[in-house]
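Inspection log for the structure reproduced underneath, given as structure tokens.
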Amino acid sequence: MKKFTQITGVAAPMPLVNVDTDMIIPKLFLKTIKRSGLGKNLFDEMRFDDNGEEIADFVLNKPAYRNAQILVAGENFGCGSSREHAPWALLDFGIRVVISTSFADIFFNNCFKNGILPIVLPQSDVDKLMEDANRGANAVLSVDLESQTISGPDGGQISFEVDAFKKHCLINGLDDIGLTMQKADAIDVFEAKHSVSAPWI
Amino acid sequence: MTAKTLYDKIWDAHLVSEDADGTSLIYIDRHLVHEVTSPQAFEGLRAAGRPVRAPEKTIAVPDHNVPTTLDRIDGVVKNEESRIQLDALDKNARDFGVHYYPVDDIRQGVVHIIGPEQGWTLPGMTIVCGDSHTATHGAFGALAHGIGTSEVEHVLATQALIQQKSKNMKVEITGKLAEGVTAKDITMAVIGKTGTAGGTGYVIEYCGEAIRDLSMEGRMTVCNMAIEGGARAGLIAPDQTTYDYVMGRPHAPKGAEWEMALAYWKTMFTDEDAEFDLMLTLKGEDIAPLVTWGTSPEDVLPITGVVPHPDEFEGGKVDAVKRSLEYMQLTPGQKLTDIAVDTVFVGSCTNGRIEDFREVARIVKGKKIKTGMRAIAVPGSGLVRLQAEEEGVAKILSDAGFEWRLAGCSMCLAMNPDKLQPGERCAATTNRNFEGRQGRGGLTHLVSPAMAAAAALTGHLTDVREM
């Protein structure tokens, strides 16, 4: 997994609430058997019209935001399906941070598995960052995971919370499976016990 | 001893290890796999040279991509990408030696329908699948939830999952349901109350007389949409209805093991003094047949209502509602029963079980669907299809004008040939009314099977109580 330590980049505003996984990556593009190459279809139905032409007023089509690395989003971002294609598409496009007041549970977890940092902040902080993000190419934010801070274009700082284990994995680019494999003995012991107490399983 | 909720009990019984910060490793009893979210996971195993740790606890079935038309029997999957994905599952299932129901097996169907049908789903278990509607299996008092593809690979490799424990939420539905009101209306009513983010961070336990009175099919419908309320999982404590459903199924325990399992399952309930972090109570009598008007499952109203005005909402929802109404081509104040529909879809993991088709048959028996209407009924499994045919249900539907299809996810998510055209309006028994969910530009109204049947007859959203 790609390590995450610090990102400085343009933040794009997407204030719409309940942005769902069908919006992030329509099901049409779930037929791939790969993880890569989904960036071109990110937000496909919002980004392109029926003829495949760009919709000019969609935020990521605006010149200032075409290389955005950060999304400042409305509440309940990523609701809907469990498709990991959603974070894969964001990552492939270049988005490494999503900031919102809340995220859907499965999407939130999927982000951490792919080197994307989802940040939950109170409404007042998100409102402030949304304002910053509306400054176009000047909407540059710096996100530092080690110190858990976001620095705005005016030099102001906002702190955020992150689960210690998830932070550790992101900073070191650690693969969960490798970590769990180190606990194989504990799984063996559990499994042996479980098969005696619940042999029907 | 501390009083525990049902969720606490299942969690504790599957805890392999727990770190000081609460990060826990949970053992997984059943892993269900379908073709869309698994290819990258199996590829990851191959790259690392890892086997599937417990192939005997892993069940694979193709459902999202499969065509539901009868020509599929000839092995025709016309879409190249779909075919590649189906072939990948076929190869992965055989290479890694997991249980597998291929497309031409009578037991094939939507993953969340066949798990319970085959007796893989049992009370007290932990069940995961790379699909958010895994919550369905919670109807048996199993802790069941969706996971992403990285987690699919993690479970394939380790039979365990890294988790943080959720909080406990209790949703009680008291009393009796009124005539024409079904399990689908219960689950939509709850989402209407909590919103799509109201359950985030929680596992919901549904209880109360109206829940107890439901069949297993109805309970599965209720738990299926727990995810639409944002919850990690939905649960219903097992009881005699559960045991009766499970007994005799192919993979259910038998003989002495059945007795042992039953004794254990009877301990799977929330202790009297257990505390919930959040509680919601609805009166069964107050729930009306519901319909969605917008593009979020929280946009529900009784069928007797009118399309709302954006001004009735607050915050970010105002703009979301404006966008929804424009997308849905609806005007504030418009009566919901005045909304004409082009298509009716009955099926999916939400409402693709035998009881759902019986309900439709009860309403359309001896009648014809509105001229020009497209009505599609897609059984959730080959065995549901067979049963509906043996009971005469399929014939009633066909005689009324429904297309009677083969099993699959079908028009719930438009990953297969069944989809809406832009501007086509559908009354669907599915779970999501997102923009483009049933096909780009398609307009979805979520309803119960009974309400779908009523709409098929009249050509517009209709109060089934007046039929």
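No experiment lies behind these values; they were computed from the predicted model shown. Letters go in sequence order (proteins before strands), and every chain restarts at 1.
Contact tally against chain B (heavy-atom pairs below 4.5 Å) for A/M46, A/K166, A/E75, A/E45: the top residue is A/E45. Contact count against chain B (heavy-atom pairs under 4.5 Å) is highest for A/D50 among A/L179, A/N114, A/D50.
Using a cutoff of 4.0 Å between basic side-chain nitrogens and carboxylate oxygens, B/R53 and A/E191 are scored as salt-bridged. A salt bridge links A/K183 with B/D19: the closest approach of a Lys/Arg side-chain nitrogen to an acidic carboxylate oxygen falls below 4.0 angstrom. Between B/E153 and A/R35, at least one side-chain N (NZ, or NE/NH1/NH2) sits under 4.0 Å from a carboxylate O, which counts as a salt bridge.
Heavy atoms closer than 4.5 Å to chain A are found in the side chain of B/N79, but not in its backbone. For chain B, the nearby parts of A/I177 are the backbone and the side chain; heavy atoms of each come within less than 4.5 Å.
For the pair A/L28 and B/R440, the minimum side-chain heavy-atom distance is 4.5 Å or more.
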List the steps and the verdict of side-chain contact (heavy atoms from CB on, under 4.5 Å) for A/I33 and B/E81. CA-CA 9 Å; A/I33 56 170; B/E81 288 170 309; over 6 Å; no
Under the side-chain contact (heavy atoms from CB on, under 4.5 Å) criterion, do A/T180 and B/I162 qualify, and how do the steps go? CA-CA 8 Å; A/T180 300; B/I162 299 172; 3.5 Å; yes
Name the atoms and distances for all side-chain donor-acceptor pairs under 3.5 Å in residues 117-126 of chain A, with sequence neighbours left out.
residue: A/Q123; atom: NE2; partner: A/D127; partner atom: OD1; Å: 3.0

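Within 6.0 Å of NZ in B/K91 there are 12 or fewer heavy atoms belonging to other residues, nucleotides or ligands.
Between the side chains of B/E151 and A/N109, no donor-acceptor pair of N or O atoms lies under 3.5 Å. In summary, the side chains of A/D105 and B/T200 do not present any donor paired with an acceptor at a separation below 3.5 Å, with no hydrogens or angles considered.
Contacts between residues 14-23 of chain A and chain B, counted as heavy-atom pairs separated by less than 4.5 Å, involve A/L16, A/V17, A/N18, A/D20, A/D22, A/M23. For a heavy-atom cut-off of 4.5 Å, chain B lies close to A/H194, A/V196, A/S197, A/P199, A/W200, A/I201 in residues 192-201 of chain A. The interface of residues 78-95 of chain A with chain B, defined by heavy-atom distances below 4.5 Å, comprises A/C79, A/G80, A/S81, A/S82, A/R83, A/E84, A/H85, A/W88.
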